[in-house]
Amino acid sequence: MAAITRIKLSLMMFLQFFIWGAWFVTLGTFLPQNLNASGYEVANIFSTQSWGAIIAPFIIGLIADRYFNAERILAILHLLGAVLMYQMYHSASVGQFYPYVFVYMIAYMPTLALVNSVSFRQLANPEKSFSGIRVWGTIGWIVAGLAISFLGWDSEGGIKEGLLRNTFLMASIASLVLGVFSFTLPKTPPIVKENTGRRSLSEVLGLDAIRLLGNKNYLVFFVASVLICIPLAFYYQNANLFLSEAGLPNPTGKMAIGQVSEAFFLLLLPILFVRIGFKNTIMLGMLAWAIRYLLFAYGNAGELAYMLIIGIALHGICYDFFFVSGQIYTDAKAGEKYKSSAQGLITLATYGVGQLIGFWVAGFISEHYKENPTSDPLWQNIWLVPAGIAAVVLFLFAVFFKNEKTTVAAPSRE
């Protein structure tokens, strides 16, 4: 692959995840602090990500795979996203903000698959070289978080002054740049399968792979994947607000530690997978979720600040050991015929249905404890709930999932 092509793909990945990290991490703080959103309203807005994930396969499978070049659709969606982000920047209420973020998520979530498609089509050996391209996405997310803290937008004074609103303007500018830049990316025309034609609707949505649920082990894993997304949603929705209210300096920049951890443990994952097996690896991921929230529940920004930092750093184990391991397991169980459908099914179950449930549970729990205060600290009560859910899922998985050998494939972040 030519050096200029590698540079273009790396810059594409950097901007793709810079955009997401530029506003999504601090969204849980911005909404209640600047738009006076209730817990239910926060949950409703975060749920737009899940609706975007549910609708995304239609856009990719029924439009991108059939009619238009991937890089052109990527360009159009990001240009649309730039306009919507600018409208979110100017929104003065939850009612005004919601329709823009809803449409934005429907536009943004398909681009996660599109950037992968553009990359894979240019790589002779994706298993070996894709990680070198994809890592720039993680770097983009980290840079966005560091920039927000460096500029002081997430400081106590910055939040009170409403400076978090600037995150949407920053994301809008980056989206505009990526939209224009995407027209210069390598041509990625639609793929037409030889002999079999284009993919059916059931294959696009992952429904062809639903027969995998007939396998007891995979059914247990599938249900666990949906349930573990409830604790995950608590982190996305509440972590930045919690760290800000706890008084941890530069909370958004410190949350970037989670992405550094994610990249590190992704490299270790294939080794652990071979050493301890799939069941133990995924159980470590579940255990990490429970430990993380206990650390959040009992840590503070003073002498126990290290507990909060460790909780953030556990993100790599939480995410990689469960979700990436799950992608590998799904790939191994599906077989050649249903590999794509199976990945679509598990993505729909987790990012779609699982997180949709999770965001609503997180919103309900947050609002419940705000409306019914107890003698215990508010955040301690909130974090103990996902810690308990993760512990229950871990117990059920340990009991009902039977150990089995699984062939290791090259892990993919998407």
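Model, not experiment: these values are computed from the prediction.
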**Student:** Is there a donor-acceptor pair under 3.5 Å between the side chain of Glu245 and the backbone N or O of Phe242?
**Tutor:**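 The answer is no, because no donor-acceptor pair under 3.5 Å joins these two groups.
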**Student:** So, the side chain of Ser172 versus the backbone of Met85: is there a donor-acceptor pair under 3.5 Å, distance only?
**Tutor:**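 No, because the side chain of Ser172 does not come within donor-acceptor range (under 3.5 Å) of the backbone of Met85.
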**Student:** Can you find a heavy atom in the side chain of Trp51 that is under 4.5 Å from one in the side chain of Leu356?
**Tutor:**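 Counting from C-beta outward, Trp51 and Leu356 do come under 4.5 Å.
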**Student:** Checking Ser325 side chain against Phe322 main chain: does a donor-acceptor pair fall under 3.5 Å?
**Tutor:**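 Not a single qualifying donor-acceptor pair exists.
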**Student:** Just wondering, do Leu169 and Arg165 contact through their side chains at under 4.5 Å, heavy atoms?
**Tutor:**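 No. Closest side-chain heavy atoms not under 4.5 Å.
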**Student:** Of all the heavy-atom pairs spanning Ala43 and Gly363, show the shortest one and how long it is.
**Tutor:**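 Looks like CB-CA, 3.8 Å.
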**Student:** Mind listing the closest non-hydrogen atom pair of Ser244 and Thr29 along with its distance?
**Tutor:**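 Ser244 and Thr29 have their closest heavy atoms at OG-OG1, 3.9 Å.
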**Student:** Would you say the side-chain atoms of Trp289 pair up with the backbone N or O of Cys318, donor to acceptor, closer than 3.5 Å?
**Tutor:**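 Answer holds: yes.
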**Student:** Which word best sums up how the rings of Tyr40 and Phe364 line up, parallel for under 30°, tilted for 30 to 60°, or perpendicular for over 60°?
**Tutor:**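 Rings of Tyr40 and Phe364: tilted, as their planes differ by 30° to 60°.
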**Student:** So if I apply the side chain to side chain contact (heavy atoms under 4.5 Å, CB included) rule between Met286 and each of Val392, Ile317, Leu396, Val393, which one comes out positive?
**Tutor:**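 Going through Val392, Ile317, Leu396, Val393 one by one, the side chain to side chain contact (heavy atoms under 4.5 Å, CB included) with Met286 is satisfied by Val393 alone.
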**Student:** Can you check whether Gly39's main-chain N or O pairs, donor with acceptor, with Glu367's side chain at less than 3.5 Å?
**Tutor:**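 Present.
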**Student:** Would you confirm whether Thr48, through its side chain, and Met105, through its main-chain N or O, come within 3.5 Å as a donor-acceptor pair?
**Tutor:**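 Absent.
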**Student:** Considering non-hydrogen atoms only, spot the tightest contact between Thr188 and Pro186 and give its length.
**Tutor:**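 Between these two residues, the closest heavy atoms are OG1-O, 3.1 Å.
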**Student:** Quick one, Thr111 with Gln16, criterion side chain to side chain donor-acceptor pair (under 3.5 Å). Give me CA distance, side-chain angles, the key distance, then yes/no.
**Tutor:** CA-CA 8 Å; Thr111 65; Gln16 174 74 25; 2.8 Å; yes
**Student:** For His90 and Tyr86, take the angle between the two ring planes, folded into 0 to 90°, and tell me which bin it lands in: parallel under 30, tilted 30 to 60, perpendicular over 60.
**Tutor:**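 Ring orientation, 0 to 90° scale: perpendicular.
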**Student:** Find out whether Tyr235 and Tyr293 are in side-chain contact, i.e. whether some heavy atom of one side chain is under 4.5 Å from a heavy atom of the other.
**Tutor:**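 Side chain of Tyr235 against side chain of Tyr293, heavy atoms only: contact under 4.5 Å found.
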**Student:** Between Leu287 and Phe321, is any pair of side-chain heavy atoms under 4.5 Å apart?
**Tutor:**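 Counting from C-beta outward, Leu287 and Phe321 never come under 4.5 Å.
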**Student:** Which value, rounded to the nearest 0.5 Å, describes the distance between Ser155 atom OG and Leu164 atom CG?
**Tutor:**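 The distance works out to 8.5 Å.
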**Student:** Say you draw a straight line from OG of Ser366 to CG of Asn238; how long is it, rounded to the nearest 0.5 Å?
**Tutor:**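 The distance works out to 4.0 Å.
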**Student:** Is there a side-chain contact between Ile45 and Val42 in this structure, where contact means two heavy atoms from C-beta onward sitting under 4.5 Å apart?
**Tutor:**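 Not touching, per the 4.5 Å side-chain cut-off.
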**Student:** Between Asn215 (side chain only) and Tyr218 (backbone N and O only), is there a donor and an acceptor less than 3.5 Å apart?
**Tutor:**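 The answer is yes, because a donor-acceptor pair under 3.5 Å joins these two groups.
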**Student:** On a heavy-atom basis, which atom in Leu295 and which in Gly311 lie closest, and how many Å separate them?
**Tutor:**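 Shortest heavy-atom separation between Leu295 and Gly311 comes out as CD1-N, 3.8 Å.
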**Student:** Could you walk me through whether Tyr89 and Phe168 pass the ring-ring contact (aromatic ring centres under 6.0 Å, His included) test, one step at a time?
**Tutor:** CA-CA 5 Å; Tyr89 167 68; Phe168 302 104; 8.0 Å; no
**Student:** For the residue pair Tyr329 and Phe401, does the interplanar ring angle fall in the parallel (under 30°), tilted (30 to 60°) or perpendicular (over 60°) class?
**Tutor:**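 Rings of Tyr329 and Phe401: perpendicular, over 60°.
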**Student:** With the side chain counted from C-beta on, respond yes when Ile291 and Phe296 share a heavy-atom pair under 4.5 Å apart, and no when they do not.
**Tutor:**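 No, every pair of side-chain atoms sits at 4.5 Å or beyond.
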**Student:** Within the side chain of Ser261, is there an N or O that forms a donor-acceptor pair under 3.5 Å with the backbone of Ile257?
**Tutor:**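 Side chain of Ser261 to backbone of Ile257, a donor-acceptor pair under 3.5 Å: no, none is there.
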**Student:** Look only at the side chain of Tyr236 and the backbone of Val25, and say whether a donor-acceptor pair between them is shorter than 3.5 Å.
**Tutor:**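 A pair under 3.5 Å: no.
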**Student:** Between Phe24 and Phe46, is the ring centre distance below 6.0 Å?
**Tutor:**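 So the answer is yes for these two rings.
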**Student:** Under the side-chain contact (heavy atoms from CB on, under 4.5 Å) rule, what do Gln33 and Leu241 come out as? Steps first, then yes or no, please.
**Tutor:** CA-CA 9 Å; Gln33 295 289 341; Leu241 177 62; 3.8 Å; yes
**Student:** In terms of heavy-atom contacts, does CH2 of Trp153 have more than 12 from other residues, nucleotides or ligands at under 6.0 Å?
**Tutor:**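 Yes, because the 6.0 Å sphere around CH2 of Trp153 holds more than 12 heavy atoms from other groups.
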**Student:** Considering residues, nucleotides and ligands other than Phe183, do more than 12 of their heavy atoms fall under 6.0 Å from its CZ?
**Tutor:**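 More than 12 heavy atoms, drawn from other residues, nucleotides or ligands, come within 6.0 Å of this atom.
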**Student:** Any luck finding a side-chain donor-acceptor pair between Trp360 and Ser47 under 3.5 Å?
**Tutor:**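 Judged by distance alone, the side chains do pair up.
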**Student:** For Phe397 and Phe221, work out which heavy atoms get closest and say how close.
**Tutor:**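 So the two residues come closest at CE1-CA, 4.1 Å.
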**Student:** Of Tyr104, Phe30, Phe97, Phe18, which meets ring pair (Phe, Tyr, Trp, His ring centres under 6.0 Å) against Trp23?
**Tutor:**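 Passing option: Tyr104.
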**Student:** Answer yes if the ring centres of His315 and Phe265 are under 6.0 angstrom apart, and no otherwise.
**Tutor:**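 Centroid distance His315-Phe265: not below 6.0 Å, so no.
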**Student:** Where do Asp154 and Ser149 land on the side chain to side chain donor-acceptor pair (under 3.5 Å) test, with the steps shown first?
**Tutor:** CA-CA 6 Å; Asp154 64 342; Ser149 286; 2.8 Å; yes
**Student:** Do you know the tightest heavy-atom contact between Val135 and Gly132?
**Tutor:**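 Closest pair (atom of Val135, atom of Gly132, distance): CG1-O, 3.5 Å.
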**Student:** Both conditions, 6.0 Å and 45 degrees, for the charged tip of Arg292 above the ring of Phe234: are they met here?
**Tutor:**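 Output no; distance or angle outside limits.
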**Student:** Quick check against the 3.5 Å criterion: does Lys8 have a side-chain atom that pairs as donor or acceptor with the backbone of Thr184?
**Tutor:**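 At least one qualifying donor-acceptor pair exists.
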